[in-house]
Every structure is written in structure tokens, then in C-alpha cells.
Amino acid sequence: MSIVTIRNVEFLNNPARFLDPYKFRVTFECIAPLKDDLEWRLIYVSSPGNEELDQELDDCLVGPVPVGVNSFDFEGVPPDPAKIPPEDVLGVAALILTGSYKDQEFVRVGYYQNTEYDNEEMKENPPQKIMFERLVRDMNTKPRVTRFQIKWDVSPSQGVAAAGAAASAAVPSADDLDGPDEDADMQPPPKTNGVS
């Protein structure tokens with residue numbers, strides 16, 4: 001059982017210009033006190049077949065984390081256009097939010113991002129050279145959520161979890177975030193590109 005469960009991720013600027021920062025609010029529930037901070041990372045994936053092109057846009061530490069429902073606003077820089085192959089700029093890319101505790105990834109929330117020009121003429125006849133200032137992005141609001149079993153500081157069997165869960169405010173179920181083919185409890189992912 002996870003000590004921390006994401007309840008909602010709300011994009012505060014969607015759709016937005018491609019070169020605008022990503023702004024969103026993460027709401028999560030913690031059912032037991034944690035000794036260390038949670039680390040959150042935002043990763044842009046332009047070319048799914050080539051992890052070397054993934055860009056870590058930002059990261060932040062959140063803590064200390066009290067028992068109950070918590071939220072924080074997260075702002076990440078846009079991807080560096082120079083690091084995106086021209087053939088991967090338009091169309092679908094991915095944005096991944098990861099949550100880790102003590103260098104152990106416990107959740108990964110992936111969103112599809114569609115990037116296109118801001119007017120019909122340019123959509124139908126894109127210029128030879130990408131005009132990033134004319135691109136807009138639109139995030140799909142149905143994420144793919146994957147949870148991983150990790151070693152937490154406390155165990156729900158210590159009785160702390162039940163008390164924390166009972167005292168928490170009512171929030172939408174994390175299942176509302178899950179896709180139909182969700183794998184709820186997986187082993188931690190292998191380390192890639194410095195992302196645990």
C-alpha cells in the first residue's frame with residue numbers, strides 16, 4: 001500500500017503556447033508522517049524511441065509532508081526546442097510527472113501533449129522551418145498513472161494509516177486518474193536518464 005496517493009493534477013494553463021512554462025497544481029494524500037521530502041520531476045518526451053532526447057524540465061522537493069490532503073503548485077520550463085528533432089515537434093509528445101521518496105519512484109503520471117500551429121493555414125501548410133512562437137500545446141486530460149511499490153518509513157500496519165485516512169478530507173478517487181489498462185502495483189522502474 002502506498003503512503004502517498006495522487007488525488008488530482010490540474011493544469012492551470014491548458015491549452016498554452018509551446019514556449020510557455022507548464023503550470024499545474026498537484027493534490028495528494030499522505031496517510032502517515034514522512035521523515036523526508038517528496039521529490040517531483042517533470043519530463044518532456046518528444047521521441048519515445050530515444051530516451052537520450054528526454055528533457056527533465058524541472059524538479060522540486062515538497063516537505064515536510066503532514067498527514068492528510070496536501071497540494072502544491074508546480075511550474076516547469078518549456079522544452080528546449082534545440083533538443084527536439086524537427087520531425088518530432090508537431091503532433092503528439094508526452095509529459096511525465098514522477099513522484100519519488102528517498103530516490104524511489106512511487107508514481108508516474110503521463111500525459112499526451114498535442115502540438116500544432118495556432119491557425120488553420122499553418123496547420124494545413126506548415127512552414128519549412130518550425131516557428132516555435134506560433135505553436136500551441138494542448139494536454140490530454142486523461143493521464144496514464146502507474147504506481148510502484150517502494151519502502152516507506154512507516155507501515156500501514158502500525159495503525160497510523162487508518163487514522164490518517166479517516167481524518168482526510170473527501171477528494172476524488174485516484175482511480176479517476178487511471179486508464180482502463182492500469183497496472184496498479186508494479187515493481188520500481190529501471191533507472192534511465194537519471195530519472196529513478
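Pairs of residues two or more places apart, or lying in two chains, that qualify as side chain to side chain donor-acceptor pair (under 3.5 Å) and include a residue from residues 79-88 are Ser47-Asp88.
Taking the six-membered ring for Trp and thresholds of 30 and 60 degrees, Trp152 and Tyr101 have nearly parallel ring planes, at less than 30 degrees apart.
With values rounded to the nearest 0.5 angstrom, Arg134 atom CZ is found 4.0 Å from Asp118 atom CG. Note: Asn119 CG to Tyr117 OH = 9.5 Å, rounded to the nearest 0.5 Å. In this structure, CD in Glu121 is found 8.5 Å from CD in Glu124, a value given to the nearest 0.5 Å. Rounded to the nearest 0.5 angstrom, Cys60 SG and Glu39 CD are separated by 8.5 Å. Rounding to the nearest 0.5 Å gives a distance of 7.0 Å between SG of Cys30 and CD1 of Ile3. In this structure, OG on Ser100 lies 9.5 Å from CZ on Phe148, to the nearest 0.5 angstrom.
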**Item:** Evaluation steps, side-chain contact (heavy atoms from CB on, under 4.5 Å), between Ile43 and Leu95
**Value:** CA-CA 6 Å; Ile43 302 162; Leu95 189 69; over 6 Å; no
**Request:** Go through Arg137 and Asn13 one step at a time and tell me if the side-chain contact (heavy atoms from CB on, under 4.5 Å) criterion holds.
**Result:** CA-CA 10 Å; Arg137 65 171 188 249; Asn13 64 339; 3.6 Å; yes
**Request:** Quick one: do Leu53 and Ile84 satisfy side-chain contact (heavy atoms from CB on, under 4.5 Å)? Show the steps, please.
**Result:** CA-CA 7 Å; Leu53 296 175; Ile84 305 171; over 6 Å; no
**Prompt:** Run the ring-ring contact (aromatic ring centres under 6.0 Å, His included) check on Phe24 and Phe11 step by step: do they pass?
**Reply:** CA-CA 4 Å; Phe24 52 96; Phe11 282 91; 5.5 Å; yes
**Request:** Take Asn114 and Tyr112, measure what side-chain contact (heavy atoms from CB on, under 4.5 Å) needs, and give me the verdict at the end.
**Result:** CA-CA 7 Å; Asn114 187 51; Tyr112 288 113; over 6 Å; no
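Looking only at side-chain heavy atoms (C-beta outward), Val45 and Ile96 come within less than 4.5 Å of each other. In this structure, the side chains of Ser46 and Pro85 come closer than 4.5 Å at one or more pairs of heavy atoms. Side-chain contact between Leu38 and Phe28: present, with at least one pair of heavy atoms (C-beta onward) separated by less than 4.5 Å.
Val77 and Val136 fall into different hydrophobic clusters, defined by Ile, Leu, Val, Met, Phe, Trp and Tyr side-chain heavy atoms under 4.5 Å apart, directly or through other members. Under the 4.5 Å side-chain heavy-atom criterion for grouping Ile, Leu, Val, Met, Phe, Trp and Tyr, Ile31 is connected to Ile150 within one hydrophobic cluster. Cluster membership for Leu12 and Val9, using ILVMFWY side-chain heavy atoms within less than 4.5 angstrom, is not shared.
Across all their heavy atoms, Leu90 and Pro126 have their closest contact at CD1-CB, 4.3 Å.
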Could you go through residues 61-74 and list every donor-acceptor pair under 3.5 Å that involves a side-chain atom there, pairing it with any protein atom two or more places apart or in another chain?
unit_1: Asn70; atom_1: ND2; unit_2: Pro66; atom_2: O; d: 3.1
unit_1: Asn70; atom_1: ND2; unit_2: Gly68; atom_2: O; d: 3.0
unit_1: Asp73; atom_1: OD1; unit_2: Arg25; atom_2: NE; d: 2.7
unit_1: Asp73; atom_1: OD1; unit_2: Arg25; atom_2: NH2; d: 3.4
unit_1: Asp73; atom_1: OD2; unit_2: Arg25; atom_2: NH2; d: 3.2

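A salt bridge is defined here as a Lys NZ or Arg NE, NH1 or NH2 lying under 4.0 Å from an Asp or Glu carboxylate O, and Asp153 with Lys102 meets this definition.
By the side chain to side chain contact (heavy atoms under 4.5 Å, CB included) test, Phe132 is found to be paired with Phe18, Leu19, Pro81, Val89, Ile130, Leu135, residues two or more places apart in sequence or in another chain being considered. With sequence neighbours excluded, no residue forms a side chain to side chain contact (heavy atoms under 4.5 Å, CB included) with Asn125. With sequence neighbours left out, Glu120 forms a side-chain hydrogen bond (donor to acceptor under 3.5 Å, both in side chains) with Lys123. Among residues two or more places apart in sequence or in another chain, the side chain to side chain contact (heavy atoms under 4.5 Å, CB included) test is passed with Glu133 by Met131.
Just one residue in the list Leu57, Asp59, Thr98 forms a side-chain contact (heavy atoms from CB on, under 4.5 Å) with Leu42, and that residue is Leu57.
There is a side-chain donor-acceptor pair under 3.5 Å between Gln113 and Tyr22.
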